[in-house]
Amino acid sequence: MVNKIGYPDKWRDYGPVRVERGDFLGDVDRATEFESQRQLNKIGKPVDRTEWQMTPPTVNAYYDPQMNDINFPAGVLQPPLFDPKLDDAPNYGNTGATIGHELTHGFDDEGRQFDAHGNLRDWWTKKDAGEFLQRATCVSDQYAQYTVVDDIKINSKLTLGEDVADLGGTLLAYLAWKDATRGQDLKPVGGFTPDQRFFIGMAQWACGDERPENKRLNAITNPHSPDEYRINGVVSNMPELSKAFACKAGQPMVRAQACRVWRKWSRSYVGSETLGDGRH
Ligand SMILES: [Zn+2]
């Protein structure tokens with residue numbers, strides 16, 4: 001998997017696009033024509049693997065299964081998401097989980113169908129694929145229960161890839177953070193333990209609000225679950241969170257049948273009292 005960070009190696013030349021103040025429609029027309037021509041010019045040429053699908057100021061990130069690359073524009077690597085002035089706990093929780101999310105897309109229900117070179121090819125053993133489908137079904141059953149607005153539930157077959165990426169990505173970030181800070185004596189900050197601050201950092205990327213009309217639209221068209229479930233749906237599957245906040249069985253953030261697609265429960269990070277049934 002290729003890591004693309006910040007901005008492309010070579011800048012696209014927009015020289016031929018004429019931009020005129022006071023001619024918005026004309027500007028849009030000319031920009032659209034330029035882009036169409038740029039795409040058509042690719043015909044018959046090898047794939048440009050250095051190309052980005054997002055501009056450098058974009059506050060977002062993506063995984064491309066056909067390129068097998070993860071892309072983090074400069075815009076997403078700044079506060080309040082990634083903050084170089086902060087310590088590891090909130091940064092791993094926030095940006096680390098986003099990096100893990102994009103990595104995990106390579107192994108979600110769609111990305112797993114592409115091989116390392118970006119070709120649509122089934123490279124999994126039957127046993128692995130069967131196990132994946134069973135574990136992913138746990139996730140889609142979970143999210144299908146969440147209400148978006150009024151009587152509308154999440155279409156969890158549409159959101160499965162993103163939900164799997166959210167869960168796997170947060171777990172990856174947690175493990176990476178534990179690994180990076182091994183042997184360090186991390187102190188509480190602002191009354192919160194390091195583990196609590198990891199999860200607070202993780203949750204804060206999703207702060208936002210939406211009108212009900214937009215929630216209805218997103219329920220049909222957006223492959224991402226609503227923000228609150230992109231947090232609560234994930235952490236309620238993580239005994240690491242239960243332990244950090246001393247949640248007890250039966251409380252809202254402790255799911256009795258927690259889902260986990262990637263990596264078995266780890267005894268090195270969580271107490272045995274919060275372990276699941278060992279099925280995963
Ligand atoms: Zn995603």
Side-chain angles (χ1 to χ4, degrees), residues 1-6 51-78 80-82 91-116 118 120 132-133 135-140 142-144 146 148 154-176 199 201-208 210 214-215 217-238 259-263:
M1 203 176 281
V2 172
N3 303 325
K4 291 183 185 163
I5 313 295
E51 190 180 351
W52 287 57
Q53 292 167 32
M54 286 176 180
T55 65
T58 303
V59 183
N60 207 339
Y62 70 94
Y63 168 76
D64 182 339
Q66 290 183 287
M67 296 275 214
N68 195 23
D69 62 10
I70 54 174
N71 298 255
F72 290 82
V76 81
L77 297 171
Q78 59 183 342
L81 301 172
F82 177 72
N91 276 332
Y92 272 82
N94 191 313
T95 298
T98 305
I99 295 170
H101 172 103
E102 304 308 342
L103 281 169
T104 306
H105 269 318
F107 309 92
D108 71 14
D109 57 323
E110 295 171 30
R112 76 179 194 83
Q113 301 181 58
F114 293 82
D115 67 16
L120 187 64
F132 174 86
L133 290 174
R135 297 180 191 198
T137 300
C138 179
V139 175
S140 61
Q142 173 194 355
Y143 282 75
Y146 292 137
V148 180
I154 291 179
N155 174 1
S156 62
K157 288 195 171 66
L158 173 65
T159 61
L160 180 59
E162 298 298 335
D163 299 334
V164 165
D166 284 339
L167 178 58
T170 306
L171 181 61
L172 270 180
Y174 187 83
L175 296 172
F199 285 107
M202 176 262 180
Q204 282 186 331
W205 79 259
C207 293
E210 265 181 303
N214 207 48
K215 287 185 176 178
L217 176 67
N218 277 329
I220 300 168
T221 59
N222 194 331
H224 302 88
S225 293
D227 287 343
E228 62 265 44
Y229 302 120
R230 295 193 66 184
I231 304 303
N232 292 356
V234 169
V235 299
S236 60
N237 279 327
M238 294 183 69
C259 304
R260 190 164 292 209
V261 178
W262 292 106
R263 192 184 167 103

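Source: prediction; values computed, not measured. Start at 1 and go down the list; that is how both ligands and their atoms are numbered.
- Coordination check, His224 versus the Zn ion (ligand 1): failed, since every N/O/S atom of the residue sits at 2.8 Å or beyond.
- Asp108 and His105 get closest at one heavy-atom pair: OD2-ND1, 2.7 Å.
- Under the 4.5 Å side-chain criterion, counting only non-hydrogen atoms from C-beta, Val76 is not in contact with Phe82.
- Contact annotation: Glu102 places no N, O or S atom under 2.8 Å from the Zn ion (ligand 1).
- The two residues Gly169 and Thr104 make their nearest non-hydrogen contact at N-OG1, 3.5 Å.
- Considering the Zn ion (ligand 1) as centre, the angle to NE2 of His101 and to NE2 of His105 is 90° (10° rounding).
- Considering just the N/O/S atoms of Glu162, the one nearest the Zn ion (ligand 1) carries the name OE1.
- At least one side-chain heavy atom of Val234 sits under 4.5 Å from a side-chain heavy atom of Met202.
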